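Whatever order the structure lists them in is the order used to number ligands and atoms, beginning at 1. Everything numeric in this text was worked out from a predicted model, so none of it was measured. Heads up: numbering here begins at 1 and tracks the sequence.
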Amino acid sequence: MNSALNWNNEQPLLPGLTNASQLYCSAFSEGLALDPERPVSQWADENRILSKASSAEPGRWRTERTPYLREIMDVLSPTDPTPVVVLQKPTQIGGTECGNNWIGSIIDQGLGPTMIVLPTSNAAKKSSRTRIGPMIQETPCLREKVREAKSRDSGNTILLKEFDGGVLLFAGANSATELKSSPVRNLFEDEIEEYPSDVDGQGDPEELAEKRTDTFARRKIFKCSTPTITGGRIDAAYKASDQRKYFVPCPHCQHEQILRFDQLRWETRKVYEVASTETGEVTAVDADAPGAVERDTGELTDVHYECEACQGRIDEHVKPELLAGGRWIATHAGPDRAVGFKLNALYSPLGWFSWRQVVLKWLEAQRDTSGTRLKTFYNTILGEAYDEAGETIEPHFLKARVEPWRVGGMVPAKCLLLTAGVDVQGNRLEVYVWGFGRDSESWLIDRHVIFGAPALPETWVALEEMLVKAYQHAGGATLRLRAMAIDASDGVTTHFVRVFARKWAHTRRVIAVKGQAVAGKALIGRPTKQDVNHLGKVMKHGVELWPYGSDTAKGALYARLKIERPGPGYVHLPSGLPDEVFDQLTAERRVTRYLRGHPRTDWVLEKGRRNEALDCAGMADAAAEYAGRSRTNWDELEKLINPTQQDLFAAPAGATKPDAAAAQPVAATTEANAVADAAPKTAPPGHASAPGWLTRRDNWIRR
Ligand SMILES: [Zn+2]
């Protein structure tokens, strides 16, 4: 103590302070690493002001609003010995502010040289200008600590800010020069998921940045990001940590649990309607009115949480107490593990991002047939890495979900549009008929293997039988294929595929397709003309070859096969399928590799397995897009095909047919997507004439 005082005794002593405080203040002003006993959360509550420009809730920072952030901030505190802190976060819970508050407390308390790394130099500049700069300006105790950038000798630029007791550097993970600047004690690696895998040929930017901290015994590294894919940087960092999760007590039974999307429950508003047989006009009626048809408006009426232990109802308005009563529990504790936290948007405080918004985002993601929104939902709402790095689905998982209706039999009530994908092999054709309904729900309807070489005409005659096959729909109508896509990628058989497609292109919407094994391709692309005349010129009305996004289709199917609850996005499988179908549907696994810093995903067929079922599912999916699935008016289509909305097993087809149900679609468009032939005897009156408008416009329909 004495030597320290001696060392410091040239400083004028401040009146009224004890020796200890004097020492503290002097050391502080010298920028020495004497840690004040103040956790980051306390610093934030005392000092941090949120501005109107950058915050939805401007004013004083209150940690009690987001109680789950307290522990994260406090392990970043100088008083805590933890060297590495990991936060895997969604976008809606204020996670970024943890880092901001940490930086604020570093500046205010003079805690040594500090670096913030963002994915690129531009992002680093932007962070300085729009996040840290304004925070310094709006927080009085920080404003006075950071020298004004105006004076020329201040040394302050966008990428460098000097303060008493340290310096704050901003760096881009794409610049080795910026990363290798000088030693730092505190390192904030923000949005690490987007860092390149290699920077300027000098190695991994995360490692380069972390090397800067080697010389400090009491270093702090904070890794923070919204996840993207399994095996990505934040996913790997969290998995290597002690994996803390935030447990909240049930208000009914006190059982501590983490908030999970699976436990959210919601109801949609149903209306009951009767359509007039004469005018087709629809009127709302009571549920028990004769001929009333139930229609789901998709409008959310109730959203709540269900306790996993007592199944008690937890309403969102109790969230403040839920969060306040919660605590972090390490689920993978171990001696050498970093401290890691993971959150999802269900924890978002009352008034920020509601459970209702979570459900709306989920339903929105289900309607997106490309699957991109589903990935975004997992990443930004659930804060989960999306499973696409090599994991696959087990065949027995699919077998377990088989439903009682038969393959090749009656089409279930909600399935409204049929297409087929055809795989061409040297000795056979494999045909898979898939059905689609609203919100990306799908059904495997039929499967047929036609044995015979593609060079033999009878092979294609057999395919024609599949092409015109009529399927009985549970609602009483008859459905036929809306489109068929045939694989024309194999040079040996392409000629025969073209002949068939040329014959049926205009009357039955048969297309020759070629898969594009590249991520991000559209399900169906722009066709190229294939036929040339005797002069070698491309023929205007010749057969076309359609590129389709085979990887996109596989990705979407795998994502949907993981949905376990029938409803939006669910994949229904019939009984009566041979085991090889389940094996083929799950034969590929997606592998992610990093090439020059960019993740590239490839589909790899596992050794010794066949994948026809998977390829055909992708082609049927592409055919559905070709047939206008994404522009479909499902309400119109449903009225046409299944006016009673009866269920396959609730009542036999045609048993009860309310007269009023035979509404003709009013102002129908050509986008309606199925052929509804009148089913003999069972079709309701008026129904037989319903597809008249379709026959007129779609000349491929035979009646
Ligand atoms: Zn409970």
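- Judged by the 6.0 Å distance and 45° axis criteria, R589 is not positioned over the aromatic ring of Y558.
- Within the model, atoms OG1 of T139 and CH2 of W61 stand 12.0 Å from one another, a figure rounded to the nearest 0.5 Å.
- A salt bridge is defined here as a Lys NZ or Arg NE, NH1 or NH2 lying under 4.0 Å from an Asp or Glu carboxylate O, and E191 with K89 meets this definition.
- Protein-derived N/O/S atoms nearer than 2.8 Å to the Zn ion (ligand 1) total 4, waters excluded.
- Contacts of E306 classified as side-chain contact (heavy atoms from CB on, under 4.5 Å), with partners at least two apart in sequence or in another chain: Q263, R265, Q311.
- Aromatic ring pairs are classed by plane angle as parallel below 30°, tilted from 30° to 60° and perpendicular above 60°; the pair H572 and W443 is parallel.
- Using a 4.0 Å cut-off between charged side-chain N and carboxylate O, D190 and K223 make no salt bridge.
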